[in-house]
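Written below as structure tokens is the structure these notes are about.
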Number of protein chains: 2
Amino acid sequence: MARLDLFKFVPFRLNRLAAEVSTALSSEYQQRYGLDIPEWRVLATLGFRAEACSAQYIAHCTRTHKSTISRAVTALMARQLVERVENKDDRREFALRMTRKGRALYQRLIPRLLRKEWEIMSCLTATERKDFARMLGKIEDSLDLVQASQDAGKAGEY
Amino acid sequence: MARLDLFKFVPFRLNRLAAEVSTALSSEYQQRYGLDIPEWRVLATLGFRAEACSAQYIAHCTRTHKSTISRAVTALMARQLVERVENKDDRREFALRMTRKGRALYQRLIPRLLRKEWEIMSCLTATERKDFARMLGKIEDSLDLVQASQDAGKAGEY
DNA sequence: GCCAATTAGTCGCAATTGCAACTATCTTAA
DNA sequence: TTAAGATAGTTGCAATTGCGACTAATTGGC
């Protein structure tokens, strides 16, 4: 008789945990700054990379559908948090970057999110946190999740 | 200058990983058996517990909204995979249990899902898998995720 | 140089799902 | 006993988001 304990089943646990953690974080970027998850992902990507990057790049490396990113960018431009510049070499794509206003919001938001992450992970010891991150990395590798991000990072690609 | 590397940010990584793992599993229960995630959660809960249980119980312990569970139960009853019996003591609630047909499907599905889970986790050593599960448990505990499940298990509650 | 295939981005549509209101039922307290 | 509040389950509505078709632009093979 095959039997499966949902509470010991890793896929279920990951789903439940991710949902819970997302909810915990959304109180920061959603309630406080009116950003939804895709919008936050766009800002996070633009904020970390020095150079401007395209919507397609953001879609690939955050694994978010391009239509979702498109709508997020539209909303962020409407709020003047992000601007886009035409690319003379390829007029299909636009280089995206944060405005001064967007960067200011980003600077206020990041410390809050890092603190939240810290709160969530503080139940683990320093060694455990390191191990946990390493194991996540191994699973990501085996599922090619990192590969996708790194492909997206290659110069000229995407 | 605060800065956040999305690819090292645990909440983002959990989200992305959970989504990817869900996709990997859905090829089993979705494509092969026409079950969506809420339906699968109902069957998983009914299959693991010996006794019948209410929709509310399933909603609480899987952390899924009661309206979502309600729709899943309706669909499963339409396919005669699940049946419900009136509770004489409390006519608001129904005891749910799998039919013979539902149990047969469950028996075919479980080994496939356990194999998928194994494939995903096989990139870790046995020790790592144990540690990973333990750390997940610690994080769940600190977020009261397990608490919620156990509350839901208390006799008479929910 | 030209046509087919590819790619960036947008948008309409549909599926999913959370929220909140609603009904029916039960519980508690005066 | 009765009225107020709580609870199980259903359903309409709206928000989110993935899919796929579409336009515009680019690239590559011939």
Enumerate all atom pairs, one protein N or O and one N or O from nucleotides 26-29 of chain C, separated by less than 3.5 Å.
unit_1, atom_1, unit_2, atom_2, d
C:dC26, OP1, B:Arg91, N, 2.8

Query raised in the report: More than 12 non-hydrogen atoms from neighbouring residues, nucleotides or ligands closer than 6.0 Å to CD on A:Gln80, yes or no?
Result: no
Query - A:Asp90: salt bridge (Lys or Arg N to Asp or Glu O under 4.0 Å) partners, not counting sequence neighbours - result: A:Arg92
**Report entry** A:Glu93 CD to C:dT6 P, straight-line distance once rounded to whole Å
**Finding:** 19 Å
Query - Residues B:Thr64 and B:Arg41: side-chain donor-acceptor under 3.5 angstrom - result: yes
**Report entry** Which residues share a ring-ring contact (aromatic ring centres under 6.0 Å, His included) with A:Tyr106, sequence neighbours left out
**Finding:** none
Throw together a table of side-chain donor-acceptor distances under 3.5 angstrom for residues 110-118 of chain B, partners on residues two or more places apart or in other chains.
unit_1, atom_1, unit_2, atom_2, d
B:Glu117, OE2, A:Val10, N, 2.9

Query raised in the report: Is the number of heavy atoms from other residues, nucleotides or ligands within 6.0 Å of CD (A:Gln107) greater than 12?
Result: yes
Report task. Report, as yes or no, whether the 6.0 Å neighbourhood of atom CZ on A:Arg100 holds more than 12 heavy atoms from other residues, nucleotides or ligands. Result -> no
Query - Residues forming a ring-ring contact (aromatic ring centres under 6.0 Å, His included) with A:Tyr29, sequence neighbours excluded - result: A:Trp40
Query raised in the report: In B/S/- notation, 5' to 3', how is nucleotides 10-23 of chain C contacted by protein heavy atoms closer than 4.0 Å?
Result: BBB----BBBB---
Requested in this report: Would you mind reading off the distance between A:Tyr57 atom OH and C:dT7 atom P, rounded to a whole angstrom?
Outcome: 18 Å
